[in-house]
Amino acid sequence: MNIKLIAIGKTDKKSLQSLIDDYTKRLSFYIKFELEIIPDIKNVKNLSEAQQKDKEGELILSKLSATDQLVLLDENGAIFSSIEFSDYLQKKMNAGIKTVVFAIGGPYGFSEEIYKKAHGKISLSAMTFSHQMVRLFVIEQLYRGFTILKNEPYHHQ
């Protein structure tokens, strides 16, 4: 199985990008992982929230193949403990899914078209985080999930 994380907009904090790079490298020892950044949409001042979500949604959809399974990082999604998330990953692998794509939406979330295409939603917390921090949290939880599956000492319970 491959995992792809799609996010809107670049990470402009060097310290945060350094941590993202570190966990991306760690994760690559367990699974093929790709982080794809979609550039911020230009001239958003002239767009309504719905129009901005639609444009971002089109860009996200353009990055998917027909066999990809899309999972949204969404505040209304399922909440997992780290162990439950590792079980979730194992089930995806057991199901023979070629690529799971996790998507982080823009500042207003996802378009209706994206919600229709999604195979599920996951929430990292009831709290709201910056989009840049969510990238790090997702990649770290993916890494943690695989260390749990391999019975490695990273996760303590």
Side-chain angles (χ1 to χ4, degrees), residues 1-80 82 84-86 88-89 91-93 95 97-146:
M1 182 173 85
N2 301 318
I3 296 178
K4 181 191 246 186
L5 176 61
I6 295 176
I8 307 282
K10 65 180 182 177
T11 301
D12 55 8
K13 302 267 189 272
K14 286 187 171 136
S15 56
L16 205 51
Q17 187 60 53
S18 177
L19 288 167
I20 290 168
D21 293 344
D22 179 46
Y23 279 99
T24 297
K25 183 178 176 184
R26 291 182 191 200
L27 182 56
S28 71
F29 291 109
Y30 299 96
I31 197 157
K32 186 173 183 229
F33 175 76
E34 177 186 357
L35 172 60
E36 183 153 357
I37 304 300
I38 295 174
D40 285 314
I41 293 175
K42 306 290 184 223
N43 299 320
V44 292
K45 290 180 280 190
N46 302 326
L47 300 175
S48 68
E49 286 181 23
Q51 290 171 318
Q52 187 172 339
K53 289 193 296 188
D54 287 343
K55 285 192 175 290
E56 290 168 348
E58 290 168 12
L59 293 170
I60 291 170
L61 290 173
S62 74
K63 303 295 183 181
L64 301 177
S65 74
T67 59
D68 289 348
Q69 193 169 92
L70 179 63
V71 178
L72 307 179
L73 279 295
D74 185 274
E75 63 188 2
N76 298 310
I79 297 176
F80 297 116
S82 294
E84 290 167 338
F85 185 61
S86 70
Y88 174 86
L89 293 172
K91 287 176 185 166
K92 295 288 185 195
M93 289 187 291
I97 296 165
K98 184 178 177 192
T99 304
V100 175
V101 178
F102 293 96
I104 301 168
Y108 303 113
F110 296 104
S111 67
E112 284 306 310
E113 196 63 31
I114 292 290
Y115 280 114
K116 289 177 189 170
K117 176 78 174 163
H119 290 87
K121 299 182 292 186
I122 293 176
S123 173
L124 295 176
S125 171
M127 294 184 215
T128 301
F129 302 113
S130 77
H131 287 74
Q132 294 180 34
M133 292 175 78
V134 170
R135 295 169 199 184
L136 172 62
F137 297 159
V138 171
I139 297 168
E140 191 278 340
Q141 283 300 299
L142 287 165
Y143 171 72
R144 181 178 298 273
F146 282 100

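In this chain, numbering begins with 1 at the start of the sequence shown.
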Please list, one pair per line, the donor and acceptor atoms closer than 3.5 Å that link side chains of residues 28-39 to other protein atoms, with sequence neighbours excluded.
unit_1 : atom_1 : unit_2 : atom_2 : d
Ser28  : OG     : Lys25  : O      : 2.6
Tyr30  : OH     : Glu152 : OE1    : 2.1
Glu36  : OE1    : Lys4   : NZ     : 3.2
Glu36  : OE2    : Lys63  : NZ     : 3.1

Test of understanding: with side chain to side chain donor-acceptor pair (under 3.5 Å), list the residues that count as partners of Asn46, not counting sequence neighbours. none

Can you check side-chain contact (heavy atoms from CB on, under 4.5 Å) on Leu142 and Leu5, steps first, answer last? CA-CA 10 Å; Leu142 287 165; Leu5 176 61; 5.7 Å; no

For Asp22, all residues meeting side chain to side chain donor-acceptor pair (under 3.5 Å), sequence neighbours excluded: Arg26

Between CD1 of Ile6 and CD1 of Ile60, what distance do you get to the nearest 0.5 Å? 6.5 Å

Tell me which pairs pass salt bridge (charged side-chain N to carboxylate O under 4.0 Å, His left out) where either residue lies in residues 41-61, with sequence neighbours left out. none

So which pairs with a foot in residues 98-110 pass side-chain hydrogen bond (donor to acceptor under 3.5 Å, both in side chains), sequence neighbours left out? none

Set out, in order, the CA-CA distance, both residues' side-chain angles and the distance that settles side-chain contact (heavy atoms from CB on, under 4.5 Å) for Ile104 and Phe102, then state yes or no. CA-CA 7 Å; Ile104 301 168; Phe102 293 96; over 6 Å; no

Flag for Gln69-Lys92: side-chain donor and acceptor within less than 3.5 Å: yes

Only counting residues at least two apart or in another chain, list the ones meeting side chain to side chain donor-acceptor pair (under 3.5 Å) with Asp40. none

Who passes side chain to side chain donor-acceptor pair (under 3.5 Å) against Ser15, sequence neighbours left out? none

Does Ser125 have any side chain to side chain contact (heavy atoms under 4.5 Å, CB included) partners at least two apart in sequence or in another chain, and if so, which? Met127, Phe129

Rounded to the nearest 0.5 angstrom, the CD1-CG distance for Ile8 and Leu59 is 6.0 Å

Shortest non-hydrogen contact from Ser82 toward Gln141: OG-OE1, 2.8 Å

Can you give me every donor-acceptor pair (side chain of residues 110-119, partner residue at least two apart or in another chain, under 3.5 Å) with its distance?
unit_1 : atom_1 : unit_2 : atom_2 : d
Ser111 : OG     : Ile114 : N      : 3.3
Tyr115 : OH     : Asp74  : OD2    : 2.4
His119 : ND1    : Leu70  : N      : 3.2

Side chain to side chain contact (heavy atoms under 4.5 Å, CB included) against Ser62, all qualifying residues, sequence neighbours excluded: none

d(Leu27 CG, Phe146 CZ) to nearest 0.5 Å is 6.5 Å

Can you see which heavy atom on Gly77 is nearest to which on Ser123, and at what distance? O-CB, 3.5 Å

What pairs of residues pass the salt bridge (charged side-chain N to carboxylate O under 4.0 Å, His left out) test when at least one of them lies in residues 130-140, not counting sequence neighbours? Glu140-Arg144

Start with the C-alpha distance between Asp68 and Ser65, add both sets of side-chain angles, then the distance that settles side chain to side chain donor-acceptor pair (under 3.5 Å), and finish with yes or no. CA-CA 5 Å; Asp68 289 348; Ser65 74; 2.9 Å; yes

I need the minimum non-hydrogen distance between Thr11 and Gln17, along with the two atoms involved. CB-OE1, 3.2 Å

If the test is side-chain contact (heavy atoms from CB on, under 4.5 Å), which one of Leu73, Ile3, Ile122 qualifies with Val138? Leu73

State the OG1-CG distance between Thr24 and Leu19, to the nearest 0.5 angstrom. 10.5 Å

Please report the closest heavy-atom contact between Pro107 and Gln52, naming both atoms and the distance. CG-NE2, 3.6 Å

